[in-house]
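Structure first, commentary second.
As a basis for the values below, the full set of heavy atoms in this structure was taken, side chains included, without hydrogen atoms, waters or symmetry mates.
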Amino acid sequence: MRTLLAVVIVLCCAMPASAGRVEELTPYFSTQYFTWQERIDGRRLLKEEGPLFSVGARLGAVTDSSLTVRGKAELFGSEVGYRGETQAPNPAPVHTRVTYLGTEAEADLGYRLRPAVIVVEPFGGIGYRYWLRDLQDSRTSDGTQVSGYTEEWMVGYCRLGARAATTAAGMNLVAAGGAKFPFYVGNTIDFAGSGETTFHPKGRWSGFAEAGGSYRSFTMSVYYEGFRFQRSDLKMVQGTAYFQPDSSSDIFGMRLGWTF
């Protein structure tokens with residue numbers, strides 16, 4: 001997965017040299033409402049929710065042959081609330097806090113169609129999302145100590161979608177949407193006394209969408225991004241079988257940027 005991240009970064013950095021014209025360089029700040037849920041056989045085990053914050057930049061270029069190359073890289077993190085339960089065989093309700101810290105990079109290749117009023121751009125691409133999920137120590141309602149732990153997630157995914165752009169009342173309006181599929185998912189946990197174990201949930205299709213506008217150099221948009229993962233295979237750790245349950249994340253955000 002580190003090789004995939006390197007490929008994404010190289011593609012993003014190579015755009016100005018390989019494209020005919022750089023049309024966007026936009027540093028941005030984003031605030032997000034994040035939700036993470038895990039389920040077994042449809043029963044929800046836990047729900048995490050709260051704000052995440054990110055900073056990043058977008059880069060876009062178009063060639064003389066109407067091919068487009070776009071990239072995005074960002075850092076994100078914050079602390080969110082956790083409502084769930086301790087592990088079997090005797091689960092007990094527990095509330096705690098979870099710290100998230102991670103990075104995401106994407107690179108898309110598209111083709112620009114030019115109708116009379118609306119510019120349409122179908123595209124495909126790849127992305128890489130890495131994050132640490134650090135569950136803090138807590139106590140159950142009867143005072144039992146619950147130890148936290150840290151998960152290290154790596155997700156590689158492909159994207160298919162389309163963008164549309166037009167101009168109205170002096171503003172540039174843009175909308176994009178599509179679907180993505182994680183082709184690699186890894187969740188690594190360091191179990192005390194046995195070392196690291198990596199679980200591999202199966203990827204499932206999910207959606208993404210964004211709509212916004214720009215006036216002169218100022219840009220603003222709202223967006224949605226989802227991930228869906230299917231339960232991993234069992235792995236034995238110190239004689240006990242563990243697995244990553246069905247998991248999902250949903251992000252609703254607002255992005256503010258300045259285009260150079």
Side-chain angles (χ1 to χ4, degrees), residues 1-6 8 32 34-50 52 54 74-105 127-140 144-157 180-204 206 225-251:
M1 290 310 301
R2 290 180 174 84
T3 301
L4 174 61
L5 177 59
V8 172
Q32 311 164 2
F34 170 80
T35 302
W36 176 269
Q37 299 185 75
E38 297 183 3
R39 299 177 183 270
I40 294 181
D41 297 328
R43 185 179 74 87
R44 191 172 72 190
L45 301 175
L46 63 89
K47 182 177 182 179
E48 302 168 3
E49 56 185 337
L52 292 181
S54 70
E74 72 173 36
L75 299 173
F76 62 87
S78 188
E79 186 178 278
V80 302
Y82 172 105
R83 291 177 293 154
E85 59 187 42
T86 58
Q87 296 181 354
N90 299 306
V94 64
H95 291 191
T96 187
R97 305 291 293 175
V98 184
T99 301
Y100 279 85
L101 181 64
T103 184
E104 185 174 55
Y128 174 81
R129 188 174 178 92
Y130 168 91
W131 71 93
L132 298 175
R133 177 174 175 249
D134 183 17
L135 289 84
Q136 301 178 12
D137 295 343
S138 61
R139 293 182 181 273
T140 62
T144 302
Q145 178 71 31
V146 179
S147 297
Y149 61 95
T150 301
E151 297 179 349
E152 181 183 36
W153 284 78
M154 300 182 187
V155 179
Y157 56 93
K180 59 185 177 181
F181 182 82
F183 56 81
Y184 175 89
V185 185
N187 173 21
T188 300
I189 302 174
D190 189 357
F191 288 90
S194 62
E196 293 184 346
T197 299
T198 300
F199 301 91
H200 295 286
K202 286 77 172 176
R204 299 174 61 186
S206 59
E225 181 177 7
F227 279 103
R228 301 291 184 268
F229 309 120
Q230 189 175 344
R231 170 177 168 164
S232 72
D233 295 333
L234 293 173
K235 288 200 172 185
M236 299 301 296
V237 180
Q238 298 177 343
T240 302
Y242 291 91
F243 62 92
Q244 174 64 34
D246 293 341
S247 307
S248 65
S249 76
D250 295 285
I251 297 173

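Atoms CD and OG1, on Glu74 and Thr103 in that order, are 7.5 Å from each other to the nearest 0.5 Å. For the atom pair CD1 (Ile189) and OG (Ser194), the distance works out to 10.5 Å, reported to the nearest 0.5 Å. Between the CG atom of Leu132 and the OG1 atom of Thr150 there is a distance of 7.0 Å, given to the nearest 0.5 Å.
Asp246 pairs by the salt bridge (Lys or Arg N to Asp or Glu O under 4.0 Å) definition with nothing, not counting sequence neighbours. Scored by the ring-ring contact (aromatic ring centres under 6.0 Å, His included) test, Phe181 finds Trp205 as partners (sequence neighbours excluded). Every salt bridge (Lys or Arg N to Asp or Glu O under 4.0 Å) that Glu49 has, sequence neighbours left out, goes to Lys47, Arg83.
What you find for Arg204 and Pro182 is that their closest heavy atoms are O-CD, 3.3 Å. Residues Ser206 and Arg228 share a closest heavy-atom pair of CB-CG, 3.9 Å. Taking both residues in full, the closest heavy atoms of Gly226 and Lys180 are given as O-CE, 2.8 Å, listed atom of the first, atom of the second, then distance. Nearest heavy atom pair, residue Ser232 against residue Pro201, reads CB-N, 3.7 Å. Taking both residues in full, the closest heavy atoms of Thr99 and Glu79 are given as OG1-OE1, 3.7 Å, listed atom of the first, atom of the second, then distance. Across every non-hydrogen atom of Gly186 and Thr198, the tightest pair is CA-CG2, 4.2 Å.
Comment: Glu48 engages Arg133 in a salt bridge, judged by a side-chain N to carboxylate O separation of less than 4.0 angstrom. We find that Arg97 and Asp137 are not joined by a salt bridge, their nearest charged nitrogen and carboxylate oxygen being 4.0 Å or further apart. Salt bridge status for Arg44 with Glu85: absent, with no side-chain N to carboxylate O gap under 4.0 Å.
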Please walk me through it: do Phe229 and Lys202 pass side chain to side chain contact (heavy atoms under 4.5 Å, CB included)? CA-CA 6 Å; Phe229 309 120; Lys202 286 77 172 176; over 6 Å; no
Working note: His95 + Ser138, criterion side chain to side chain contact (heavy atoms under 4.5 Å, CB included); need CA distance, chi angles, decisive distance, verdict. CA-CA 7 Å; His95 291 191; Ser138 61; over 6 Å; no
Pair Arg129, Met154 - check side chain to side chain contact (heavy atoms under 4.5 Å, CB included), show working. CA-CA 6 Å; Arg129 188 174 178 92; Met154 300 182 187; over 6 Å; no
Stepwise side chain to side chain contact (heavy atoms under 4.5 Å, CB included) check, Tyr82 with Leu135: CA-CA 8 Å; Tyr82 172 105; Leu135 289 84; 3.6 Å; yes
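Put simply, the side chain of Glu104 reaches to within 4.5 Å of the side chain of Glu225, judged on heavy atoms. For the pair Val80/Tyr100, a side-chain contact is recorded, criterion being any heavy-atom separation below 4.5 Å from C-beta on. Here the side chains of Ser249 and Thr35 are not in contact, with every heavy-atom distance at 4.5 Å or above. Annotation: side chain of Leu46 is in contact with side chain of Trp36 (closest heavy-atom distance under 4.5 Å). By the 4.5 Å heavy-atom criterion applied to side chains, His200 and Val185 are not counted as neighbours. Inter-residue side-chain proximity for Pro245 and Arg39 is flagged as unmet; no heavy-atom pair is nearer than 4.5 Å.
Ring centroid separation for the pair Tyr157 and Phe227 comes in under the 6.0 Å cut-off. Aromatic rings of Tyr242 and Phe199 (six-membered ring for Trp) have centroids beyond the 6.0 Å cut-off, not under it.
In this structure, Arg231 is positioned above the aromatic face of Phe243, its NZ or CZ under 6.0 Å from the six-membered ring centre and within 45° of the axis.
Under the 30°/60° scheme for interplanar angles, the aromatic rings of Trp153 and Trp131 are found to lie parallel.
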